[in-house]
Amino acid sequence: MRSFLLPVLSFTLGLAASAFADPTLSPWRVHEQRSHIPTGWTRARKLDSSASIPLRFALAQSNIENIEALLYDVSHPGSSNYGNHWSASQIAAKFAPKPETIETVRSWLIESGVEPHRMKLSPTKGWLEVASTVEEAENLLLAEYHVYDHETGTKHIACESYHLPEHVIPHVDFVTPTIHFDARIQKRDQYSRVPIGQPGQGSTPKTTGHIDDILDQIEDCDKQITPICLRALYGLWYEPVAGNINSYGIVEYTPQVYVQSDLDLFAKNFSTDLEGVSPTLVSIDGGSLTPSGSSASGSDASFDYNGESNLDLEYGMTLVTKKQNITLYQVGDWVEGGSFNTFLDALDGTYCAYDGGDDPSQDPVYPDTASGGYNDDEDCGTVQPANVISTSYGYNEADLSAAYAIRQCDEYAKLGLMGVTFLFSSGDEGVAGNTGNCLNADGSQTWDGKIFNPSFPATCPYVTAVGATQVSPGQNVWEPENACEQVIYSGGGFSNYFSMPDYQKGAVKGYLAANPISYSKDIYNSTGSRAYPDLSANGANYVVAIDGSFQLVYGTSAASPVVGAILTMVNDARIARGKPTLGFINPTIYSTAFVPSFKDVTNGTNPGCGTLGFNATKGWDPVTGLGTPYFPSLLAKWLSI
Ligand SMILES: *[C@@H]1O[C@H](CO)[C@@H](O)[C@H](O)[C@H]1NC(C)=O
Ligand SMILES: *[C@@H]1O[C@H](CO)[C@@H](O)[C@H](O)[C@H]1NC(C)=O
Ligand SMILES: *[C@@H]1O[C@H](CO)[C@@H](O)[C@H](O)[C@H]1NC(C)=O
Ligand SMILES: *[C@@H]1O[C@H](CO)[C@@H](O)[C@H](O)[C@H]1NC(C)=O
Ligand SMILES: *[C@@H]1O[C@H](CO)[C@@H](O)[C@H](O)[C@H]1NC(C)=O
């Protein structure tokens, strides 16, 4: 069923290919190509042909075409294998590239004149690296490398397209450096950089600023959301009993960090027993709460640096209570930052590229030798994944190449097979992308683009995407919530990279049948691709302690850790009864038995790209998904399987 788009165009480069001394028999075909130069970049000059360039081939994994079926087998409530999650070594054995894959790529390279000593296979066999010159790389890939300049002064090496012999194509996911362009931009100000291509870019929650009075009354949840509002909305009254063996992870990407005095201020008002309590810090690739050499954690204190982490942890910790510790995965040092890939590398050694840096044009590279950097080997398979992992960061799909996004998405499926639930906020700009950018026909993203711009990893069919709702002004927590239309709009829509997974076909077809979309098919993907979000939770008017006072905060960023807390409490009850963890929940929550455990959201829209976006309606919709989770009902259902 899995029919991902691979950007392989089928035409043969007859003449161009024969211009080179080509020892292989099969013709070359385009493997990936880029349609435009991303905003802010210009092509400066041809790269010197004698310069050295480390070519990296991402080798195709075996059995990856079956991963959806394998995942359903352990995640579908009707399956006799429900909850029979896999071990890390089972995963490694099942998906390692086949010997035939490694051999095909190696022999092609050897026939093309690459001596074996210049090739290096990563310990987990996922990557083959070739120490090459630009001239050789250009001949191997029928590509032309250029240096590109960014307006900030950063330089980047890329080509516009590249080719591989036909018989090699099935064995290679992608090659770097090639067309991929999300080079990390250094902002001039030392610590204020959030690199392009880093998951924090433009997707932090938003604030309307400081508030003086905290209402904290159940009658005032339309004005301010505090923990008691969320408990009432989702029926989350539960005291954990298996905290010592359960786990809930929240991921933060440096330079976003929490401030302990803010957690304490929040605890004073809303959960006094958490005063002085910190999350359990798991540092990944040098992730720390302060830049090395700096003692003052408050020195850069501001909403932009502390807003996300404080929000996630204050609500996450309070909702699961002191009886469940939270694991904070702090990813990346203060120079390079982190990426989803470097986090995944830490969780799964088989995903890890050798020597750090999965795609050096898109991911940080460790060891980082810059001053204050993490000058050590990248974390590979060193970190235990928590049972539920909430992430309030995201890219636009279009920031990444399809091949790159697909490889990462498959990795979420593997972690799902291992029993981990991955939640991602769905984005705060409705049908537009981060910072309100929309797509143009050539694939570029601009403010005035007209085409909807989906969010990643929310569109990966193997994660659970969380949208945002609100208690509308004048309404109370006992009335149905509406789609969030204050300050932010719930990210939702249809992927351009991933086809529709089976588990949501009924729900999405139901939506499309009852609500024929009036928009031109040029502005949203109408081919039956992965639709998101899957569910939602409140994302408006959160009271958050930030930098010594309280602010009102908005975002799907708030919704994801709340859903994570609810699922963690379900896991607690399951673990206490000797049942396996939830793992990948989507096939379950879309099932007929579970749909009624969500409060349907039927009012509101998610505007963007000059449109009103989609409508929240009866049943699933691309604004609020299945609706908001109702804990008592979900708990009962999940305890029955
Ligand atoms: C939470 O972590 C603290 C500090 O490591 C530990 O003392 C406590 O027992 C943990 N709580 C639970 C419920 O596991
Ligand atoms: C919140 O906490 C602060 C500091 O403890 C206190 O002054 C304030 O009265 C509290 N507000 C509410 C509504 O509990
Ligand atoms: C629908 O949402 C709007 C905007 O939040 C709100 O004013 C209106 O009362 C809602 N309608 C219903 C029926 O809840
Ligand atoms: C729509 O999504 C599919 C993947 O399901 C993809 O093949 C197609 O290229 C997308 N269309 C556009 C215009 O991006
Ligand atoms: C949303 O609902 C309005 C009012 O019913 C309707 O006019 C519009 O076409 C709907 N939009 C979409 C995208 O379904």
Side-chain angles (χ1 to χ4, degrees), residues 1-9 33 35 239-248 273-274 276-282 317 320-328 386-387 396-398 400-403 405-406 409 430-431 433 438-445 449-454 456 459-461 483 485 489 492-502 504-505 508 511-532 568-569 571-572 575-576 602-623:
M1 286 289 102
R2 176 176 170 283
S3 59
F4 291 148
L5 164 81
L6 266 174
V8 180
L9 303 184
Q33 72 178 0
S35 59
E239 197 173 298
V241 293
N244 54 334
I245 44 174
N246 192 12
S247 54
Y248 177 23
D273 62 342
L274 283 171
V277 176
S278 307
T280 309
L281 175 71
V282 174
M317 289 168 70
V320 298
T321 81
K322 199 185 175 177
K323 299 205 162 135
Q324 173 63 60
N325 286 332
I326 289 207
T327 305
L328 165 63
N387 295 332
N396 299 333
E397 252 185 9
L400 308 165
S401 78
I406 289 166
C409 180
V431 294
C438 295
L439 289 166
N440 298 297
D442 69 357
S444 60
Q445 306 178 55
K450 298 278 183 291
I451 302 170
F452 297 174
N453 196 4
F456 180 82
T459 54
C460 166
E485 296 183 336
Y489 296 111
F494 300 87
S495 172
N496 289 322
Y497 285 176
F498 298 98
S499 60
M500 189 181 295
D502 277 350
Q504 66 173 190
K505 280 185 176 153
V508 180
Y511 170 82
L512 293 172
N515 308 277
I517 296 175
S518 50
Y519 301 132
S520 147
K521 293 200 175 353
D522 299 337
I523 71 164
Y524 74 102
N525 198 310
S526 61
T527 63
S529 57
R530 154 75 162 146
Y532 74 107
T568 297
M569 297 298 86
N571 266 338
D572 181 275
I575 290 169
T602 60
N603 180 28
T605 60
N606 58 352
C609 309
T611 74
L612 275 178
F614 298 106
N615 295 323
T617 58
K618 192 169 175 332
W620 180 92
D621 53 69
V623 188

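Note that ligands are numbered from 1 as they come in the structure, with each ligand's atoms numbered from 1 the same way.
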Reported [atom1]-to-[atom2] distance for the pair [X] and [Y], which is rounded to 0.5 angstrom:
| X | Y | atom1 | atom2 | result |
| --- | --- | --- | --- | --- |
| Ile451 | Cys438 | CD1 | SG | 9.0 Å |
| Leu400 | Phe456 | CG | CZ | 6.5 Å |
| Asp572 | Tyr248 | CG | OH | 14.0 Å |
| Met569 | Asn246 | CE | CG | 6.5 Å |

- Between Lys323 and ligand 1, does any nitrogen or oxygen pair lie at a separation below 3.5 Å? no
Please list, in number order, the atoms of ligand 4 under 4.0 Å from a heavy atom of [X].
| X | value |
| --- | --- |
| Ser529 | 2 (O), 5 (O) |
| Phe498 | 5 (O) |
| Thr527 | 1 (C), 2 (O), 3 (C), 5 (O) |
| Ser499 | 5 (O) |

- Query: In a check of side-chain contact (heavy atoms from CB on, under 4.5 Å) between Arg530 and each of Pro454, Cys409, Pro461, which one passes?
  - Reply: Pro461
- Query: Do any nitrogen or oxygen atoms of Asn525 lie less than 3.5 angstrom from nitrogen or oxygen atoms of ligand 4?
  - Reply: yes
If you have a sec, work out which protein heavy atom is nearest [atom] and how many Å separate them, to one decimal?
| atom | value |
| --- | --- |
| atom 8 (C) of ligand 5 | Asn615 ND2, 3.8 Å |
| atom 9 (O) of ligand 5 | Ser518 OG, 3.6 Å |
| atom 6 (C) of ligand 1 | Asn325 ND2, 4.2 Å |

- Hey, which atoms in ligand 5 end up nearer than 4.0 Å to a heavy atom of Gly613? 13 (C)
I'd like to know if the side chain of [X] reaches the main chain of [Y], judged simply by a donor and an acceptor atom lying under 3.5 Å from each other, with no hydrogens or angles considered.
| X | Y | value |
| --- | --- | --- |
| Asn525 | Ser495 | yes |
| Tyr489 | Gly613 | no |
| Asn440 | Asp442 | no |
| Gln445 | Asn453 | no |

[atom] within contact range, any protein heavy atom under 4.0 Å:
| atom | answer |
| --- | --- |
| atom 14 (O) of ligand 1 | yes |
| atom 2 (O) of ligand 1 | yes |
| atom 11 (N) of ligand 1 | yes |

- Query: Which of these passes ring-ring contact (aromatic ring centres under 6.0 Å, His included) with Phe452: Phe494, Tyr519, Tyr532?
  - Reply: Tyr519
- Of the side chain and backbone of Asn496, name the one, both, or neither that has a heavy atom under 4.0 Å from an atom of ligand 4. both
- Of all the atoms in ligand 1, which lie at a distance below 4.0 Å from a heavy atom belonging to Asn244? 14 (O)
- Message: Using a 4.0 Å cut-off to any heavy atom of Gly243, which atoms of ligand 1 qualify?
- Response: 13 (C), 14 (O)
- Can you tell if the side chain of Tyr511 reaches within under 4.5 Å of the side chain of Thr617, non-hydrogen atoms only? yes
- Query: For Gly528, is the nearest heavy atom under 4.0 Å from an atom of ligand 4?
  - Reply: no
